[in-house]
Amino acid sequence: MQRTQGWFHTFCITSTCLLLVACINLTAVHEWSQTSLNAVQYSEIVTTYADTPQRLQRYDPGPHWVNQIKKRTMQAQLLQQLLTVIADYMSSLATLSADSTINYTNDVQSFSQSLSKLDTHLSTNTQQAASGIVNTLLEAAARGYQAQQVKEVITKANEPLQQIMKGELRTIIDQDFRRDLRIEKLSIKRYYHSLLEQKRYSQAAKVALLEWKEFRLTENMKRQKAIDAYLNILDAIAKGHQELYNNREQLDIVELSKELYGFARTMRKHIKVILH
């Protein structure tokens with residue numbers, strides 16, 4: 001009788017532990033990862049960056065822009081590849097945290113091969129980081145990961161994700177794109193100042209030119225604000241995932257949930273700035 005009671009007691013404890021694992025609340029993780037996915041998909045900033053030399057040609061026509069157009073196109077491809085890696089990861093994390101099995105239908109191996117072709121333009125650290133996340137996704141798909149494996153995915157993905165966030169992805173947007181916009185702003189001012197100095201234009205024409213100048217400068221300012229907003233989004237993703245990693249043994253604690261919901265609100269706020 002005592003042996004039966006002991007077995008029953010052990011069974012109850014084991015069942016309770018399994019029930020607790022199965023019932024872990026990952027709503028905040030899902031909300032944060034889904035918002036992160038939505039945020040990185042606003043990649044118009046990449047297109048805008050690639051188109052900068054064409055815009056600058058308005059104010060300084062000539063063949064000298066050809067090389068910069070090629071460079072910006074290549075950099076835009078790199079950015080899009082890295083953003084795709086992040087988006088695929090966030091999509092998988094959102095799926096897992098919704099207690100669903102990953103159904104990763106994209107040809108990740110093909111994507112990994114295309115990424116490796118760009119390794120002469122990516123730093124070794126960023127290349128390895130992107131490959132690390134892709135390999136994590138491949139493993140998750142192959143093993144049919146479910147909610148119980150969220151901790152394992154977060155653990156494997158954190159270091160490469162942080163590397164991507166502080167590598168070329170940030171450098172190109174924060175330094176190269178910002179520098180291009182400063183050049184564009186100066187070019188706009190010089191171009192319209194030169195036109196307005198010409199006596200052949202009537203007063204009405206000069207008023208129209210001033211309106212166009214203000215329009216172009218306003219566009220430029222919006223692009224600068226979009227850069228700030230997008231960098232804030234990348235920061236919210238990096239910080240949010242670091243918090244997930246730091247609390248990977250207790251993903252449903254209240255303190256973590258509050259932080260993740262806060263990061264999600266921050267990202268939604270900055271998405272509005274980009275779309276404005």
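Positions are given from 1 along the sequence. Please read all numbers here as calculations on a predicted model, not as lab measurements.
A salt bridge links Asp180 with Arg72: the closest approach of a Lys/Arg side-chain nitrogen to an acidic carboxylate oxygen falls below 4.0 angstrom. Salt bridge present: Glu152 and Lys156 bring a charged side-chain N and a carboxylate O closer than 4.0 Å.
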Begin with the C-alpha distance, continue with both residues' side-chain angles, and end with the deciding distance and a verdict on side-chain contact (heavy atoms from CB on, under 4.5 Å) for Tyr230 and Val273.
CA-CA 9 Å; Tyr230 206 78; Val273 173; over 6 Å; no
Carefully, step by step, assess Glu243 and Arg248 under the rule salt bridge (Lys or Arg N to Asp or Glu O under 4.0 Å).
CA-CA 8 Å; Glu243 287 302 317; Arg248 59 193 181 278; over 6 Å; no
Carefully, step by step, assess Arg223 and Thr48 under the rule side-chain contact (heavy atoms from CB on, under 4.5 Å).
CA-CA 8 Å; Arg223 294 185 186 109; Thr48 303; 3.4 Å; yes
Between Leu260 and Glu31, does a side-chain contact (heavy atoms from CB on, under 4.5 Å) hold up when you go through it step by step?
CA-CA 8 Å; Leu260 293 177; Glu31 172 75 10; over 6 Å; no
Determine, step by step, whether Ile172 and Leu79 satisfy the side-chain contact (heavy atoms from CB on, under 4.5 Å) criterion, reporting the C-alpha distance in whole Å, the side-chain angles of both residues, the deciding distance to 0.1 Å, and the verdict.
CA-CA 8 Å; Ile172 292 175; Leu79 290 176; 3.8 Å; yes
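Ser91 contributes no side-chain N or O that, together with a main-chain N or O of Ala87, makes up a donor-acceptor pair within less than 3.5 Å. A donor-acceptor pair under 3.5 Å is absent between the side-chain atoms of His270 and the main chain of Ile233, judged by distance alone. In this structure, Gln162 contributes its side chain and Ala238 its backbone to a donor-acceptor pair below 3.5 Å.
Linking Ile, Leu, Val, Met, Phe, Trp and Tyr residues whenever their side-chain heavy atoms come within less than 4.5 Å places Val46 and Met267 in a single cluster. Ile183 and Phe177 are not part of a single hydrophobic cluster, where members link through side-chain heavy atoms under 4.5 Å apart. In the hydrophobic cluster analysis, where Ile, Leu, Val, Met, Phe, Trp and Tyr join through side-chain heavy atoms closer than 4.5 angstrom, Leu37 is grouped together with Leu231. Under a hydrophobic clustering in which Ile, Leu, Val, Met, Phe, Trp and Tyr are joined whenever their side-chain heavy atoms come within less than 4.5 Å, directly or via other members, Leu256 and Ile237 fall into the same cluster. Following chains of ILVMFWY side-chain contacts shorter than 4.5 Å, one can reach Leu26 starting from Ile253, so the two form part of one hydrophobic cluster.
The side-chain hydrogen bond (donor to acceptor under 3.5 Å, both in side chains) test with Glu184 singles out one residue from Arg179, Arg216, Arg55, and that residue is Arg55.
With values rounded to the nearest 0.5 angstrom, Gln80 atom CD is found 7.0 Å from Thr47 atom OG1. The NZ atom of Lys213 sits 12.5 Å away from atom NZ of Lys206, with the distance rounded to the nearest 0.5 Å. Summarising the geometry, atom CG belonging to Asp174 is positioned 15.5 Å from atom NZ belonging to Lys166; distances are rounded to the nearest 0.5 Å. Between atom CD1 of residue Ile188 and atom CG of residue Asn220 there is a gap of 5.0 Å, rounded to the nearest 0.5 Å. In this structure, the separation between NZ on Lys222 and CG on Leu181 is 14.0 Å, given to the nearest 0.5 Å. In this structure, CZ on Arg58 lies 10.0 Å from OH on Tyr191, to the nearest 0.5 angstrom.
The two residues Thr27 and Tyr261 come nearest to each other via the heavy atoms CG2-OH, 3.4 Å.
A donor and an acceptor atom, one from each side chain of Asp228 and Gln224, are nowhere located under 3.5 Å apart. A side-chain donor from one of Gln75 and Tyr49 sits under 3.5 Å from a side-chain acceptor of the other. Counted by atom type alone, Arg190 and Tyr59 present zero donor-acceptor pairs between their side chains at under 3.5 Å.
Contact annotation: the side chain of Asp60 approaches that of Trp65 to within less than 4.5 Å [non-hydrogen atoms, C-beta and beyond]. Between Glu159 and Gln163, the closest side-chain pair of non-hydrogen atoms is not below 4.5 Å. Side-chain contact between Leu161 and Met90 is present, with at least one heavy-atom pair separated by less than 4.5 Å.
Gln198 CD: more than 12 foreign heavy atoms inside a 6.0 Å radius. The neighbour count for Gln54 CD, taken as heavy atoms of other residues, nucleotides or ligands under 6.0 Å away, is above 12.
Between Tyr89 and His241, a ring centre-to-centre spacing shorter than 6.0 Å is recorded.
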